[in-house]
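This report concerns only the one structure given below.
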Amino acid sequence: MTAATGPTLVRAGTFAVLGADGGITGRRGASPDGLFRRDARHLSRWTLSVDGAVPGVLVPSAGETGAECVLTPPGTRDQPPAYTVFRAQALGEGCLTERVRVVSNRDAPVSAVLGLTVDADFADQFELRSDNRRYDKTGARRTAVPTPDGVVFSYERGADWLSRTTVTASPAPAEVAAVEGESTARHLLWHLEVPAQGAVELLLTVVAQPHGAPAPGPLVTPDAAVAEQDLDAAEFTRLAGAGAPLPLPADAPEGLAAACGRGLRDLAALRVPAVGPDGEELRVPGAGVPWFLTLFGRDALLTSHFALPYRPALAAATLGALAATQGTEYDAFRGEQPGRIVHEIRHGELAAFRQVPYGRYYGSVDATPLFLTLLDAHAVTTGDTSLAVRLEAQARAAVAWMFRDGGLADSGYLVYTPDPGGLVNQNWKDSEGAICFLDGTQAEGPIAVAEAQGYAYDALVRTARLARTVWGDADWADELGSAAEDLRERFLRDFWMTGPDFPALALDGKGRQVDSLASDAGHLLWSGILDEDHARRVGRRLLEPDFFSGWAIRTLAAGQPGYHPLSYHRGTSWPHDNAVVVLGLARAGLADEVRAVARGLLDAAGHHGDRLPEVMAGYGRTDHPRPVPYPHSCSPQAWAAATPLAILTALRETAAE
């Protein structure tokens, strides 16, 4: 989202993208606006008129937990507007609430005519993207039915798919009329009498009720909704004890505290409802707005890793939700396999009708080992082994998947086969063409990406520790430890490129080294699969100018044929990718390199209101004095929000040496 679109409000799996005037126009493409819940747009028009005209914007809409703006009807210097309109908007759980306050500017009563054009297109988010996909929806039907205090929009498909959007107003509109040429849009009209130098208020509520979703909570006013969300954020962001400060090192770089605070507030807002293994209600990090406000295995796991020393409850919730959705059978359409950890969960119409495979999609090579590493890390960090005891069966199933369907037993590596109906690449760089040779051509599978082997090594080591110390299975611990050491030796032999003195990005289906120089190598420091000497060589190489832009480490080193500064995974810089690298640099004892990357990321955050975006263009400080945005970046985004916490951990670790 860019600043020109107005604010983005997020709460409990619901988000709203508003314009500078607080309105919604129904746009599509890279930056859609609207009110969204469960992958569907429940409000596609929300445009206010005053005395039949578009109001002017005196103060554009802005805010985090709530948004406010100031509007006026047309006027001149000699005939200034008779009144001013103050809009305040906020999200309740599953609803948008708005107060429109009309304030008279004259010493005599003022008549004001307010109009509101409203519509709900119920578009699935996959329809709104800019890739021009079209989906058959034969038999689907949208309706709009006026009520005494507003209008109810409904969307039906098939025998049992029903979603609703209910708009209510107090006072009730004088008229609810159809909009010429539009099937379901309705125009609500109020004739307001404003006392001299006085004010009148209009309270509007939009309730989003997607198919299968629990009913929203009780209706609230904007002030109450903001207060509730601020209270929730305050509870989440509180660290060790009431009011305890962040444990900053004595020489913490400027901006660290602000970036950590902003990140924690964003993580609080991005949490979405989920269910644990015994049906318990959980709240886990949704990946990001606008496209990914749902549970993503890899994103939630890395986010929880970064936040673990400060908010361990986030990791516990993530592990529980992923254990509850772990694969139990073979389903090629969605990539499910027994023991595999889910990549993505969607609740929308297209997923429900299996027009896209993402209702519960398992196309991830790395979520399963990351589940195992987080399970042990949670036990070590908190000193509480009860979660590890509870999830022993799921952990054993995950290990079994790594050896069986993941490929460790047959090929010696975790591998994935490109899914033509889903994701071609199934590591974190999951866009088509991301796993490329030096000349830019995409590797063909089965593909073994470097960082996934590091995660697998770490998962084996950590699960061996749990087996020995928590589950009382020394024989299995010995087996896992031996497999980890074999993987470590094999990896260095097969992945290390002697010419560039750097690990290959991947091995392709023929066992050839995919020879691009990529940031994935930095993940190997975090997992510990490289020995100290090789780890330090990789860490120092990542700080050379072709990799490090001055803001962050690029996904692909500049100067290679495949590099492009605006390519999603072949030249941009991702804060979360850098967070993993920074933790690895700290593990390797490279304190100067930790501080350099930390400084660049925090400077970048300072240019974005202390909030790191999902991804930035690969241009460096010598190209432009500010970080150049990537045009399709999510913001807020969970693992970017947690990146300052990983920086804090890395700085604390290197300060302690």
Side-chain angles (χ1 to χ4, degrees), residues 7-18 22 24 34-44 46 63-68 86-101 116 118 120 122 144-155 162-173 176 186 188 190 200-237 265 268-276 279-284 286 289 293-294 317 347:
T8 297
L9 307 179
V10 189
R11 183 176 184 186
T14 305
F15 73 95
V17 182
L18 307 171
I24 293 167
L35 174 68
F36 295 85
R37 190 181 184 205
R38 285 204 167 199
D39 304 316
R41 182 158 64 181
H42 279 262
L43 201 59
S44 55
W46 190 253
E64 291 185 26
T65 53
E68 297 185 358
F86 295 81
R87 298 183 83 173
Q89 298 162 305
L91 293 181
E93 190 164 348
C95 71
L96 172 70
T97 176
E98 174 171 348
R99 182 182 64 250
V100 180
R101 188 165 179 260
L116 185 68
V118 187
F122 298 97
V145 178
T147 65
D149 57 358
V151 60
V152 175
F153 299 94
S154 299
Y155 177 77
L162 173 62
S163 294
R164 287 195 178 95
T165 299
T166 302
V167 178
T168 58
S170 178
V176 178
R186 294 294 181 267
L188 283 60
W190 293 264
V200 295
E201 289 188 352
L202 175 64
L203 185 63
L204 302 164
T205 303
V206 184
V207 175
Q209 184 69 50
H211 179 81
L219 302 184
V220 293
T221 64
D223 292 341
V226 168
E228 287 179 6
Q229 189 165 0
D230 285 344
L231 183 63
D232 182 55
E235 178 65 26
F236 179 82
T237 56
R265 292 194 301 275
L270 287 167
R271 289 173 299 165
V272 300
V275 177
E280 68 273 25
E281 294 182 1
L282 303 170
R283 287 206 291 171
V284 299
V289 173
L293 193 62
T294 187
H347 303 283

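Numbers here are sequence positions counted from 1. What you see below is based on every heavy atom in this structure, not just the backbone, and it leaves out hydrogens, waters and symmetry mates.
Pairing each heavy atom of His211 with each of Leu162, the nearest pair is ND1-N, 3.2 Å. Summarising the geometry of Pro7 relative to Gly63, their closest heavy-atom pair is CB-O, 3.7 Å, with the distance given to 0.1 Å. In terms of heavy atoms, Leu91 sits closest to Leu9 at CD1-O, 3.4 Å. Considering every non-hydrogen atom in both Pro173 and Gly150, the closest pair reads CD-N, 4.3 Å. Listed here is the closest heavy atom pair of Ala90 and Ala225: CB-CB, 3.8 Å. Among all heavy-atom pairs drawn from Ala317 and Leu282, the shortest one is O-CD1, 3.5 Å.
Side-chain atoms of Gln229 come within 3.5 Å of backbone N or O of Val10 as a donor-acceptor pair. Looking at Gln209, its side chain never comes within 3.5 Å of a backbone N or O of Thr165 through a donor-acceptor pair. Between the side chain of His42 and the main chain of Leu35, no donor-acceptor pair closer than 3.5 Å is present. Proximity of a side-chain donor or acceptor of Trp190 to a complementary backbone N or O of Pro171 within less than 3.5 Å is detected.
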Given side chain to side chain contact (heavy atoms under 4.5 Å, CB included), test Arg87 with Glu98 step by step and report yes or no. CA-CA 7 Å; Arg87 298 183 83 173; Glu98 174 171 348; 2.6 Å; yes
Yes or no on side chain to side chain contact (heavy atoms under 4.5 Å, CB included) for Glu68 and Gln89, after CA distance, side-chain angles and deciding distance? CA-CA 6 Å; Glu68 297 185 358; Gln89 298 162 305; over 6 Å; no
Applying side chain to side chain contact (heavy atoms under 4.5 Å, CB included), run through Val289 and Leu270 and close with a yes or a no. CA-CA 8 Å; Val289 173; Leu270 287 167; 4.1 Å; yes
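Val118 is listed as a side-chain neighbour of Leu188, based on a closest heavy-atom distance under 4.5 Å. Counting heavy atoms from C-beta outward, Arg37 and Cys95 have side chains that stay 4.5 Å or more apart. Using a 4.5 Å heavy-atom threshold, the side chains of Phe236 and Arg271 count as touching. For the pair Trp46 and Leu204, the minimum side-chain heavy-atom distance is below 4.5 Å.
No more than 12 heavy atoms of other residues, nucleotides or ligands lie within 6.0 Å of CZ in Arg164, so this atom counts as exposed by the packing criterion. Within 6.0 Å of the CD atom in Glu93, the count of heavy atoms belonging to other residues, nucleotides or ligands does not exceed 12.
For the 3.5 Å distance criterion, the side chains of Thr221 and Asp223 fail to qualify, holding no donor opposite an acceptor.
Arg11 meets the side chain to side chain donor-acceptor pair (under 3.5 Å) test with Glu228; sequence neighbours excluded. Evaluation of the side chain to side chain contact (heavy atoms under 4.5 Å, CB included) rule for Thr205 yields Thr97, Thr168, Val207, Leu219 as partners, not counting sequence neighbours.
If you take CZ on Phe122 and OG on Ser163, they are separated by 6.5 Å, rounding to the nearest 0.5 Å. Remark: Leu203 CG to Asp149 CG distance equals 11.0 Å, nearest 0.5 Å. For the atom pair CZ of Phe36 and CG of Leu96, the computed distance is 12.5 Å after rounding to the nearest 0.5 Å.
A salt bridge links Arg283 with Asp232: at least one charged nitrogen is closer than 4.0 Å to a carboxylate oxygen.
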